Amino acid sequence: MSDVTDVVNPATEQVIALIPINGVEATDEAVARAHAAGPAWRAVAPADRARLMRRFAATVEDHHEELAQLETANVGKPIGESRDEVAMVAEVLYFYAGAVDKHRGATVPVAGGVDMTFHEPLGVVGAIIPWNFPVAITSWKVGPALATGNTIVVKPAEITPLTAVRLAELGLEAGLPEGVLQVVTGKGSVVGTRLAEHPDVAKIAFTGSTEVGRDVMSRASGTIKRVTLELGGKSASVVFADADLKRAAASAPGGMFANAGQDCCARSRILVQRGAMDEFLDLLADAVRSWTVGDPTDPDIKMGPMVTAAHRGVVAGFMDEGMGAPGGPVASHTAGAVPDGPGYWFPPTVVAPADPGWRMAREEIFGPIVAVIPFDDEDEAVRLANDTPYGLSGSIWTRDGARSLRMARAVQAGNLSVNSNSSVRVQTSFGGMKQSGFGRELGLEALASYTEVKNVFVATDD
Ligand code: NAP
Ligand code: MG
């Protein structure tokens, strides 16, 4: 018998479920089942594997509202965001169902024979998932892993396991064979580390913090596991004076406060060209005041609570510097209202202009605080944007097409948007540069990190 732990709704502080805290033994059993299921899953004819994945996608669509409500109850994210994310899960599964028979090898011109390549599955994949997008990020790993013939064991974040558990049940209901997709709930320090070290796990697909990613990578090195890491970010939105400032300001809250800022792509720095600063800040203050905070099941609400009381404390700590410290630097500060009563609320907060040396301007906040920082010219904008160990995402706002392309090439980040804050699409690759990690999820690019290229040479000379 495993122990159980409470799962809490961060908007109500009510316990909504009890979930097993599994140990090493249960993790090993799941890996053994995944390992045993591998050969048969690999042998399923491509069209049949694709059909099963489409059925899985359709089953998710049939349970769309149930999954969305569950995600909102567990994470506290607005129901509209949860609905979009669950819709994305189905879209991811359809996309990779379509890729089953399209990740093809090559024939290579060589002397003395025929040479060909195969994209072989890796075996058992261990997927380690963070709490901020539990079901969507699970699907980003499950989709390409299953499409390429791997089996997968998913370890959700301890505090947000409910949708991953339900997703695996729906997979079985849709006809996935036993052992192909499993979820093991429990602690990262137990289940996560065991997956990273287990000799029968071929690859770890990790999304989470840079600190834990570093630990996962070093544990995985013992068995030379394949590793992909999607880690933290400190992304910048760069607003030039020639931009459509109204549009940039109206779109800014979505770029920094979606999912209450608990988003690895959050633009938690806005770099604004000095001449446009005053006008932009006025527009931004209006946009932030309309970013309503409250009951995430209300479809009109833009932002829910922080995921836990402890996390709210971490986020609030970023306001000490500059704001709270006696004699510290003074900054203007705009914040929205938050509900009274239970729930781990924190207001959407703009600090401007923020000193680029402040912690809030340098470290990942993972909450709804944005530091607005002035710059003079393009060179300074590039320097500030890149002045971080991270390199995940970012935006460039300008009407000058050539400048947008110069900036897009100069900013070191895996995903950039011009005149937009959108970061993630099923069809396009997603991942980081520098300490935001390596490997790409989504798009056709993800297939490469779930397969190994095997080269076969057949001598044909007499
Ligand atoms: P986290 O603390 O790194 O945890 C991520 C996952 O790793 C959880 O399932 C956690 O389990 C597990 N874990 C913890 N310690 C482990 C260990 N020693 N070995 C193996 N697994 C371990 O991250 P988080 O707090 O959930 O999420 C926030 C972070 O994720 C942020 O830094 C954010 O930027 C990043 N993130 C990145 C992306 C991206 O795509 N780049 C997307 C979302 C989030 P427990 O829950 O049991 O601790
Ligand atoms: Mg954590």
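Because the structure is predicted, anything quoted here is derived from the model rather than measured. For ligands, and for the atoms within them, numbers begin at 1 and follow the listed sequence.
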Engineer: What do you reckon, does T210 have a nitrogen or oxygen under 3.5 Å from a nitrogen or oxygen of ligand 1?
Structural biologist: no
Engineer: Evaluating non-hydrogen atoms only, which member of G188, G126, P161 is closest to atom 17 (C) of ligand 1?
Structural biologist: G188
Engineer: Return the CD1 to CZ distance between I396 and R403, rounded to the nearest 0.5 Å.
Structural biologist: 11.0 Å
Engineer: Within a reach of under 6.0 Å around CD of E173, are more than 12 heavy atoms found that belong to other residues, nucleotides or ligands?
Structural biologist: yes
Engineer: Does the side chain of L167 come within less than 4.5 Å of T138's, by heavy atoms?
Structural biologist: yes
Engineer: Is the shortest distance from a heavy atom of C265 to ligand 1 less than 4.0 Å?
Structural biologist: no
Engineer: Could you see which bit of D215 sits under 4.0 Å from ligand 1, with heavy atoms only: side chain, backbone, both or neither?
Structural biologist: side chain
Engineer: If I take atom OG from residue S290 and atom NZ from residue K302, how far apart are they, to the nearest 0.5 angstrom?
Structural biologist: 5.5 Å
Engineer: Determine, using heavy atoms of W131 and all atoms of ligand 1, whether some pair is separated by less than 4.0 Å.
Structural biologist: yes
Engineer: Under 3.5 Å, is there a donor-acceptor pair linking the side chains of S395 and N421?
Structural biologist: yes
Engineer: Find all atoms of ligand 1 within a distance of less than 4.0 Å from any non-hydrogen atom belonging to G232, and give their numbers and elements.
Structural biologist: 32 (O), 34 (O)
Engineer: Flag yes if more than 12 heavy atoms outside K187 fall under 6.0 Å of its NZ atom; otherwise flag no.
Structural biologist: no
Engineer: Any side-chain donor paired with an acceptor under 3.5 Å for T163 and R166?
Structural biologist: no
Engineer: Looking only at N/O atoms, are I129 and ligand 1 under 3.5 Å apart anywhere?
Structural biologist: yes
Engineer: So for I137, does at least one of its heavy atoms come nearer than 4.0 angstrom to any atom of ligand 1?
Structural biologist: yes
Engineer: Which bit of P156 gets closer than 4.0 Å to ligand 1, counting heavy atoms only: side chain, backbone, both or neither?
Structural biologist: backbone
Engineer: What do we get for E364 next to ligand 1 when only non-hydrogen atoms under 4.0 Å count, side chain, backbone, both or neither?
Structural biologist: side chain
Engineer: When the ring planes of H311 and F366 are compared, do they come out parallel, tilted or perpendicular, using 30° and 60° as the limits?
Structural biologist: perpendicular
Engineer: With backbone taken as N, CA, C and O and side chain as the heavy atoms from C-beta onward, which portion of L392 lies under 4.0 Å from ligand 1: side chain, backbone, both, or neither?
Structural biologist: side chain
Engineer: I need the single residue from S436, S393, S268 that forms a side chain to side chain donor-acceptor pair (under 3.5 Å) with K234. Which is it?
Structural biologist: S268
Engineer: Does N386 use its side chain to pair, donor to acceptor, with the backbone of A410 at less than 3.5 Å?
Structural biologist: yes
Engineer: Heavy-atom count around E13 CD within 6.0 Å, excluding the residue itself: above 12?
Structural biologist: yes
Engineer: So if I count the atoms of ligand 1 from 1 in the order they appear, which ones are less than 4.0 Å from some heavy atom of G186?
Structural biologist: 47 (O)
Engineer: From M256 CE over to I270 CD1, what is the distance, rounded to the nearest 0.5 angstrom?
Structural biologist: 4.5 Å
Engineer: Ligand 1 and G208, any nitrogen or oxygen pair closer than 3.5 angstrom?
Structural biologist: yes
Engineer: So for ligand 1, is F366 a polar contact partner (N or O within less than 3.5 Å, distance only)?
Structural biologist: no
Engineer: Would you say N132 and ligand 1 have an N/O pair spaced under 3.5 Å apart?
Structural biologist: no
Engineer: Please work out whether any backbone atom (N, CA, C, O) or any side-chain heavy atom from C-beta onward of F133 is under 4.0 Å from ligand 1, and answer side chain, backbone, both or neither.
Structural biologist: neither
Engineer: Does ligand 1 have any atom sitting under 4.0 Å from a heavy atom of S436?
Structural biologist: no
Engineer: If hydrogens are left out, which of S393, G233, C264, S423 has an atom nearest to atom 39 (C) of ligand 1, that is, the closest non-hydrogen atom?
Structural biologist: C264
Engineer: Heavy atom under 4.0 Å from ligand 1: found in T207's side chain, backbone, both, or neither?
Structural biologist: both
